[in-house]
Amino acid sequence: VLIQAIVPRVIRWMMTANYHLWWIGWLWNVTPPILVYHDERDSGAVRETIKHLKDGDIVGIFPEGGLNRDKDSFLEFSPGVAMIARRSGASVVPVYVTDTPRLESPLLSLLVPSRSRVIFGEPFTVEKTTDRDAILAEIRTRIEALRARYGSGADASDEARESEQA
């Protein structure tokens, strides 16, 4: 929601089917998601994503396959992200979101006030001959660079308070 609020075009989000809840159906009518079923290899979602990208649509993908509740590290990136980047030829825009509330449900975090920030990196494209691991490493490196450069305002404030108290 934060990213969509900034981007003037509609973003089609690739998301786990578990979050496709009926009570926010109005949202799915505005930004129809590309549903991923994690209980099986979902090549249909990958094909649909590539089609949308080739048609010029914007598709938002969480490279970790979902939301990570650990602010200090990244989960393993999904190999499907590399396949989509390579086969679609679309620009990849690394994005890092700081200071979001860490709650049990990502939907609950929409109800909690925060000072979240959305940071966009430089777009880049992937050569069709680049191997999967190199693509994933490039995406991870670019997102980690955003985190290192901009960090978390709340974390920085907490560290400053702790050093003042010492």
Side-chain angles (χ1 to χ4, degrees), residues 1-20 27-28 30-102 106-107 109-110 114-153 155:
V1 174
L2 291 174
I3 298 169
Q4 182 61 77
I6 296 168
V7 177
R9 290 179 51 204
V10 171
I11 300 172
R12 301 237 5 191
W13 289 96
M14 200 172 188
M15 68 175 224
T16 181
N18 299 347
Y19 292 137
H20 195 253
L27 178 61
W28 311 139
V30 175
T31 60
I34 300 167
L35 298 178
V36 179
Y37 297 90
H38 289 289
D39 56 344
E40 57 194 60
R41 300 196 117 213
D42 194 357
S43 61
V46 170
R47 282 193 305 273
E48 183 179 351
T49 300
I50 292 169
K51 178 196 172 304
H52 282 291
L53 289 168
K54 286 185 174 186
D55 288 346
D57 294 339
I58 298 174
V59 177
I61 302 173
F62 294 95
E64 296 167 289
L67 298 175
N68 181 359
R69 303 214 189 316
D70 182 358
K71 65 181 180 183
D72 297 323
S73 65
F74 291 113
L75 300 174
E76 183 176 335
F77 282 16
S78 170
V81 173
M83 182 187 318
I84 292 166
R86 185 175 48 222
R87 289 188 183 171
S88 71
S91 293
V92 176
V93 180
V95 178
Y96 184 69
V97 181
T98 68
D99 304 320
T100 56
R102 304 287 176 176
L107 297 173
S109 66
L110 299 174
S114 72
R115 294 192 179 267
S116 302
R117 294 182 297 155
V118 178
I119 298 133
F120 293 88
E122 290 295 319
F124 69 99
T125 55
V126 173
E127 297 294 324
K128 296 221 182 275
T129 56
T130 309
D131 97 317
R132 181 188 76 188
D133 293 338
I135 295 168
L136 295 176
E138 181 68 20
I139 295 169
R140 177 182 292 274
T141 298
R142 287 174 180 254
I143 295 173
E144 286 175 344
L146 294 174
R147 180 176 65 183
R149 181 168 181 191
Y150 297 99
S152 169
D155 293 344

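Values below: every heavy atom of this structure, side chains too, minus hydrogens, waters and symmetry copies.
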Sequence neighbours left out, cut at 3.5 Å: what donor-acceptor pairs do the side chains of residues 83-92 make with other protein atoms?
unit_1, atom_1, unit_2, atom_2, d
Arg86, NH1, Thr130, O, 2.8
Ser88, OG, Ile84, O, 2.8
Ser88, OG, Ala90, N, 3.1

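Under a cut-off of 6.0 angstrom, the local environment of CD in Glu144 is crowded, with over 12 non-hydrogen atoms contributed by other residues, nucleotides or ligands.
Separation of atoms CD1 (Ile61) and CD1 (Ile139) is listed at 8.5 Å; rounding is to 0.5 Å. Remark: Gln4 CD to Ile11 CD1 distance equals 4.5 Å, nearest 0.5 Å. Asp57 CG to Arg12 CZ: the interatomic distance, rounded to the nearest 0.5 Å, is 6.5 Å.
Arg142 forms a cation-pi arrangement with Phe124, by the criterion of a distance under 6.0 Å to the ring centre and an angle within 45° of the ring axis. Judged by a 6.0 Å distance limit and a 45° cone about the ring axis, Arg149 is not positioned over the six-membered ring of Tyr96.
Residues passing the side chain to side chain donor-acceptor pair (under 3.5 Å) test with Lys51 are Asp55, sequence neighbours excluded.
Of the possible polar contacts, none joining the Glu48 side chain to the Ser43 backbone as a donor-acceptor pair under 3.5 Å is found.
A pairwise comparison of heavy atoms in Leu75 and Arg140 identifies O-NH2, 2.7 Å as the closest pair. Contact between Pro63 and Ile143 at its shortest, heavy atoms only, is CG-CD1, 4.1 Å. In terms of heavy atoms, Pro79 sits closest to Arg132 at CB-CD, 3.5 Å. Counting all heavy atoms, side chain and backbone alike, Ser78 lies closest to Leu136 at O-CD2, 3.5 Å. When all heavy atoms are compared, the tightest approach of Leu2 to Ser116 is CD1-CB, 3.6 Å. Here the closest non-hydrogen pair linking Arg117 and Tyr150 is NH2-O, 2.9 Å.
Taking 4.5 Å as the limit, some side-chain heavy atom of Met15 sits within range of a side-chain heavy atom of Leu35. Counting only heavy atoms from C-beta outward, the side chains of Val7 and Phe120 approach each other to under 4.5 Å.
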Fill in: side-chain contact (heavy atoms from CB on, under 4.5 Å) evaluation trace for Val10 with Val30
CA-CA 8 Å; Val10 171; Val30 175; 5.5 Å; no

